[in-house]
There are 2 protein chains.
Amino acid sequence: MFTGCPPAAGPFRVGDKWTAKIIRCLEQGPRRFTELQTPLRTITPKVLTESLRAMERDGLLTRTAYDEIPPRVVYELTDLGRSLLEPMNAGCEWSRRHLAELMDARDAWHASTP
Amino acid sequence: MFTGCPPAAGPFRVGDKWTAKIIRCLEQGPRRFTELQTPLRTITPKVLTESLRAMERDGLLTRTAYDEIPPRVVYELTDLGRSLLEPMNAGCEWSRRHLAELMDARDAWHASTP
DNA sequence: CGGGATCCCGAAGGATACTG
DNA sequence: CAGTATCCTTCGGGATCCCG
């Protein structure tokens, strides 16, 4: 996952802390709750739920609950959510090209102020 | 200022809360401390200083202090800082095209859950 | 399995006042 | 003018436990 896209150390964010990562997880197709939780290793169920609800409200994804036991819930990007990939990729592209410069500047500053 | 670029209600952020706005303020050329403070009406000197220092560390802008009385300090984007305008504009473009959909979805959700 | 309910903490950042 | 210094509030998000 996230291959070819520099880490979150870059200066870009979409919405809250997790929105962009969730979109990346859903980029390849629908995912279940735990299928999202696993790659986002450090996220708690509460926060994941909150993020998903917010994104559902904003029309970025759909939530489909099947009335089964055990329960099954599937999240999928809407066209609107998918359209966010374009500007997100612009951000990733910037990071690929310029993140090293930013890190260098940061290091140089650290070196000059002991 | 900010003309043609939808408000911060959009889901995009660059770095912290103020970074993107500061870049927009500096887009047209160098600005002094108070020239930044004025259009960002609600920012306090402390927070503006912190943001500017962080951006200086990251090589996004330069700080030039003239030894005069009264003091004069000028902030100016570096090439690196200016390069951020490209992905920022991609985000603005997304907002221009899709923000209405997002707001509509949000309104529809509010209407369906009283 | 997919959450909901509670409690809690640290850091961002706002308010206010003061200064070289 | 361009900040510093202090204090204080907010709140995103983590930990934990529980449930249908």
Side-chain angles (χ1 to χ4, degrees), chain A residues 7-26 29-58 60-77 106 109 113, chain B residues 8-23 25-26 29-58 60-77 106 109 113:
Chain A
F12 286 95
R13 299 175 59 184
V14 178
D16 64 31
K17 182 176 179 180
W18 298 101
T19 308
K21 292 173 183 174
I22 291 173
I23 291 180
R24 286 293 177 197
C25 288
L26 291 173
R31 294 286 184 268
R32 302 179 56 171
F33 191 85
T34 45
E35 292 177 328
L36 291 169
Q37 207 176 355
T38 304
L40 305 175
R41 212 146 276 119
T42 71
I43 200 173
T44 61
K46 173 200 163 191
V47 175
L48 179 54
T49 302
E50 286 172 354
S51 300
L52 289 169
R53 292 283 191 272
M55 293 172 71
E56 189 189 1
R57 283 209 313 272
D58 287 349
L60 300 181
L61 51 77
T62 59
R63 176 182 185 275
T64 311
Y66 298 89
D67 207 356
E68 304 170 356
I69 291 184
R72 187 162 59 97
V73 179
V74 168
Y75 297 91
E76 185 169 13
L77 285 182
R106 202 175 283 188
W109 182 89
T113 63
Chain B
F12 287 95
R13 301 175 56 184
V14 177
D16 65 29
K17 183 174 177 180
W18 298 102
T19 307
K21 290 173 184 174
I22 291 173
I23 291 180
C25 288
L26 291 173
R31 294 285 183 269
R32 303 178 57 170
F33 191 84
T34 44
E35 291 175 328
L36 291 169
Q37 206 176 358
T38 304
L40 305 175
R41 211 144 273 117
T42 71
I43 199 172
T44 60
K46 172 199 164 192
V47 175
L48 179 54
T49 300
E50 287 171 354
S51 301
L52 289 170
R53 293 284 191 272
M55 294 173 70
E56 189 189 1
R57 282 209 313 273
D58 287 349
L60 301 181
L61 52 76
T62 59
R63 176 181 184 277
T64 311
Y66 298 88
D67 208 357
E68 305 172 352
I69 291 187
R72 186 164 58 99
V73 178
V74 168
Y75 296 91
E76 184 168 15
L77 286 182
R106 202 175 280 187
W109 183 88
T113 63

- Task: Give the C-alpha distance, both sets of side-chain angles, the deciding distance and a yes or no for side chain to side chain contact (heavy atoms under 4.5 Å, CB included) between A/L26 and A/E76.
- Result: CA-CA 6 Å; A/L26 291 173; A/E76 185 169 13; 5.9 Å; no

Just the table, please: protein N/O against nucleotides 3-7 of chain D N/O, every pair under 3.5 Å.
from	atom 1	to	atom 2	distance (Å)
D/dG3	OP1	B/R63	NE	3.3
D/dG3	OP1	B/R63	NH2	2.4
D/dG3	OP2	B/Y75	OH	2.6
D/dT4	OP1	B/R53	NH2	2.9

- Item | First of B/S51 and A/V74 reached from the 5' end of DNA chain C, by closest nucleotide | A/V74

- Task: Return the angle between end axes of the helix from C/dC1-D/dG20 to C/dG20-D/dC1, with five pairs used per end and rounding to 10°.
- Result: 50°

- Note on the structure: Separation between OG (B/S51) and CG (B/L61), nearest 0.5 Å, reads 10.0 Å

- Message: Applying side-chain contact (heavy atoms from CB on, under 4.5 Å), can you list everything that pairs with B/T49, at least two apart in sequence or on another chain?
- Response: B/F33, B/R53

- Round to a whole Å and report the spacing from CG of B/D16 to C1' of D/dG12. 15 Å

- From B/I22 CD1 over to B/K17 NZ, what is the distance, rounded to the nearest 0.5 angstrom? 12.0 Å

- Message: I want to check something: taking the side chain as every heavy atom from C-beta on, are B/L52 and B/L36 in contact at a cut-off of under 4.5 Å?
- Response: yes

- Query: Between CD of A/Q37 and OG1 of A/T44, what distance do you get to the nearest 0.5 Å?
  - Reply: 8.0 Å

- Message: Applying side chain to side chain contact (heavy atoms under 4.5 Å, CB included) to A/T42 and A/W18, what does each step give before you reach the verdict?
- Response: CA-CA 11 Å; A/T42 71; A/W18 298 101; 3.4 Å; yes

- Query: B/L48 CG to D/dC1 P: how many Å, rounded?
  - Reply: 14 Å

- Message: So B/I23 and B/M55, do their side chains get closer than 4.5 Å, heavy atoms only?
- Response: yes

- Task: State which residues pass side chain to side chain donor-acceptor pair (under 3.5 Å) with B/T19; sequence neighbours excluded, sorted by chain then number.
- Result: B/D16

- Item | Heavy-atom contact window of chain A on DNA chain C, given 5' to 3' at under 4.0 Å | C/dC1 to C/dC7

Sequence neighbours left out, cut at 3.5 Å: what donor-acceptor pairs do the side chains of residues 63-73 of chain A make with other protein atoms?
from	atom 1	to	atom 2	distance (Å)
A/R63	NE	A/Y75	OH	3.4
A/E68	OE1	A/R72	NE	3.3
A/E68	OE2	A/R72	NH2	3.1

